[in-house]
2 protein chains.
Amino acid sequence: MVKRAADILERFGERVRVLRKESGYSQESFAAACGLDRTYIGGIERGERNVALRNIETIARALGITLAELMDDL
Amino acid sequence: MVKRAADILERFGERVRVLRKESGYSQESFAAACGLDRTYIGGIERGERNVALRNIETIARALGITLAELMDDL
DNA sequence: TTGTGACTTTTAGTCCGTC
DNA sequence: GGACGGACTAAAAGTCACA
């Protein structure tokens with residue numbers, strides 16, 4: 001039985017955190033790349049923000065991946 | 001040159017509309033399946049709604065597909 | 001460099017309806 | 001069966017000071 005991670009927001013946040021680090025960003029520099037606030041990015045990564053589609057797209061773009069890739073396995 | 005559809009919300013809405021119809025739902029029955037409001041689903045399909053992640057997941061679930069599949073080619 | 005609480009403004013999302 | 005509007009409430013967006 002495969003462990004299915006908790007909440008969709010937590011899974012999404014963790015995925016953003018991993019991909020951000022892989023891209024060599026700090027939260028602050030990544031926030032700047034997205035045009036968003038540093039604390040907002042932090043909140044997303046902690047699974048505290050129910051991010052809407054426009055910001056999801058912004059994040060995918062900053063990571064240089066497609067929406068489908070960002071959502072992969074979530 | 002491939003036509004790149006307008007706005008992410010419009011592309012998402014159009015995709016939901018196509019998949020909903022393929023599943024044989026009316027907007028109203030689909031809204032019921034999602035536990036969302038009928039006028040909200042209509043607004044999404046018209047590209048007027050910036051849907052948040054929890055509802056994106058709800059919609060994917062009601063359509064019986066993954067988030068990545070829902071976001072495919074958006 | 002990030003976590004967190006508190007906060008205001010904007011918008012997500014509901015519910016009533018008409019065409 | 002779906003587009004669209006008005007009025008409303010809940011929640012997302014966005015920012016700050018401080019640990």
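Note that the structure is a prediction, hence the values are computed from the model and not measured. So you know, we letter chains A, B, ... as the sequences are listed, proteins then strands, and number each from 1.
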Query raised in the report: Any side-chain heavy atom of R49(A) within less than 4.5 Å of one from L9(A)?
Result: no
Requested in this report: For the pair Q27(A) and T39(A), evaluate side chain to side chain contact (heavy atoms under 4.5 Å, CB included) and give the outcome as yes or no after the intermediate values.
Outcome: CA-CA 8 Å; Q27(A) 283 186 357; T39(A) 64; over 6 Å; no
Requested in this report: Would you check if the side chain of T58(B) reaches a backbone N or O of R54(B) as a donor-acceptor pair within less than 3.5 Å?
Outcome: yes
Report task. Might you work through the side chain to side chain contact (heavy atoms under 4.5 Å, CB included) test for V16(A) and F30(A), ending with a clear yes or no? Result -> CA-CA 10 Å; V16(A) 169; F30(A) 183 59; 4.2 Å; yes
Query raised in the report: Can you tell me if CZ on R17(A) sees more than 12 non-hydrogen neighbours from other groups inside 6.0 Å?
Result: yes
Query raised in the report: Is it true that E57(B) and R11(A) have a side-chain N and a carboxylate O under 4.0 angstrom from each other?
Result: yes
Query raised in the report: Ion pair present between R46(B) and E10(B), side-chain N to carboxylate O less than 4.0 angstrom?
Result: no
**Report entry** Counter-base of dA12(D), judged by Watson-Crick or G-U geometry with both distances under 3.5 Å
**Finding:** dT9(C)
Query raised in the report: Between L19(A) and I59(A), is a side chain to side chain contact (heavy atoms under 4.5 Å, CB included) present by the stated rule, with each step listed?
Result: CA-CA 10 Å; L19(A) 293 170; I59(A) 287 168; over 6 Å; no
Query raised in the report: How does protein reach along nucleotides 2-11 of chain C, written 5' to 3' as B (base within reach of a heavy atom under 4.0 Å), S (only sugar-phosphate), or - (no contact)?
Result: BBB-------
Query raised in the report: Earliest and latest nucleotide of DNA chain D, 5' to 3', sitting under 4.0 Å from a non-hydrogen atom of chain B?
Result: dG1(D) to dG5(D)
